[in-house]
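Here is the structure we will look at.
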Amino acid sequence: MLINEPNYSRVKREVAKIIEEFSIRVPPVDPVYISRKLAINVVFAHFKPSMNSISGFYDADENTIFVNHEEYPLRQTFTIAHELGHKILHEDWAKSNDYRVLLREDTHVTTDPKEKEANAFAAQLLVPRDLLDDYWKTLEVEQLSRLFAVSVPVIKNRIAFEYGA
Ligand SMILES: [Zn+2]
């Protein structure tokens, strides 16, 4: 495997650990609860105008995920799960100058392997494979979106990723 390729098997392992540890059996998954139980602070913050294009970021020194309080709820949820992914997968990088905040307009289009891993971590944590198995054939994507409390694009990505559908 190339060093700059996303390591999705590692993402899958780390997500599985959390799903096991928290006995996640029914949607929706609450990344705020999970983060706080893992002793990571989550702060819904009023960002100053110069920072308002930011959806959220992880501050490794403060061990805190800051999320833009003006962002819409489904995006806040995804952002927290994405930053939790950086915390779990990329702690050293998150402390470095290479770390990048998550922008509000930054939908899931990115070429950076760490961002791809954090997006995959977030999507797989919020829409666990075992739970998606239970529902994806019987519910419409809009219903799945409500059930899992993620956006329709996240649901579509998960279905494409897991089943190639
Ligand atoms: Zn990121």
Side-chain angles (χ1 to χ4, degrees), residues 1-19 21-22 24 28-129 145 148-162:
M1 177 174 291
L2 295 170
I3 195 79
N4 60 349
E5 290 289 319
N7 186 344
Y8 290 126
S9 54
R10 179 170 175 236
V11 169
K12 194 173 174 182
R13 279 199 306 278
E14 294 299 333
V15 169
K17 273 192 222 167
I18 294 177
I19 288 171
E21 181 178 347
F22 287 87
I24 293 168
V29 178
D30 181 355
V32 178
Y33 175 81
I34 292 169
S35 297
R36 288 175 176 162
K37 281 287 182 184
L38 294 172
I40 301 153
N41 305 306
V42 179
V43 174
F44 292 79
H46 292 261
F47 289 175
K48 56 190 178 188
S50 63
M51 288 172 63
N52 212 21
S53 62
I54 295 172
S55 186
F57 60 93
Y58 170 60
D59 184 326
D61 293 333
E62 304 274 340
N63 194 35
T64 299
I65 295 167
F66 290 93
V67 59
N68 190 332
H69 122 110
E70 285 183 24
E71 187 63 286
Y72 68 98
L74 295 188
R75 179 65 177 171
Q76 288 177 331
T77 301
F78 191 89
T79 293
I80 293 160
H82 174 105
E83 295 303 329
L84 178 62
H86 283 319
K87 158 75 185 179
I88 289 174
L89 301 166
H90 313 127
E91 176 81 17
D92 289 341
W93 172 78
K95 288 177 179 166
S96 77
N97 290 331
D98 294 334
Y99 169 75
R100 296 245 293 275
V101 301
L102 187 64
L103 297 175
R104 298 175 74 167
E105 300 305 315
D106 189 9
T107 50
H108 316 293
V109 183
T110 174
T111 54
D112 185 319
K114 289 190 177 62
E115 298 306 334
K116 286 183 170 178
E117 289 176 0
N119 284 339
F121 179 95
Q124 291 179 32
L125 178 65
L126 297 175
V127 188
R129 167 68 193 255
S145 161
F148 286 93
V150 298
S151 69
V152 166
V154 170
I155 289 292
K156 288 182 172 172
N157 285 342
R158 288 294 291 126
I159 289 172
F161 183 86
E162 296 292 358

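Indexing begins at 1, ligand by ligand and atom by atom, following the structure's order. One is the number of the first residue; the rest follow in order along the sequence.
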Environment of the Zn ion (ligand 1) in terms of protein N/O/S atoms, cut-off under 2.8 Å: His82 NE2, His86 NE2, Glu115 OE1
Side-chain H-bond candidate by donor/acceptor type, Asn52 with Glu70, under 3.5 Å: yes
Test log, rule salt bridge (Lys or Arg N to Asp or Glu O under 4.0 Å), inputs Arg158 and Glu162: CA-CA 6 Å; Arg158 288 294 291 126; Glu162 296 292 358; 2.9 Å; yes
Return the set of residues passing ring pair (Phe, Tyr, Trp, His ring centres under 6.0 Å) with Phe57 (not counting sequence neighbours), or none when no residue passes. Phe47, Phe66
Please check if any side-chain donor atom of Glu115 sits under 3.5 Å from a side-chain acceptor atom of His86, or the reverse. yes
Kindly determine whether Lys95 and Glu91 satisfy salt bridge (Lys or Arg N to Asp or Glu O under 4.0 Å), including the steps that lead there. CA-CA 6 Å; Lys95 288 177 179 166; Glu91 176 81 17; 3.8 Å; yes
Mutual orientation of the aromatic rings belonging to Trp93 and Tyr99 [parallel < 30°, tilted 30-60°, perpendicular > 60°]: perpendicular
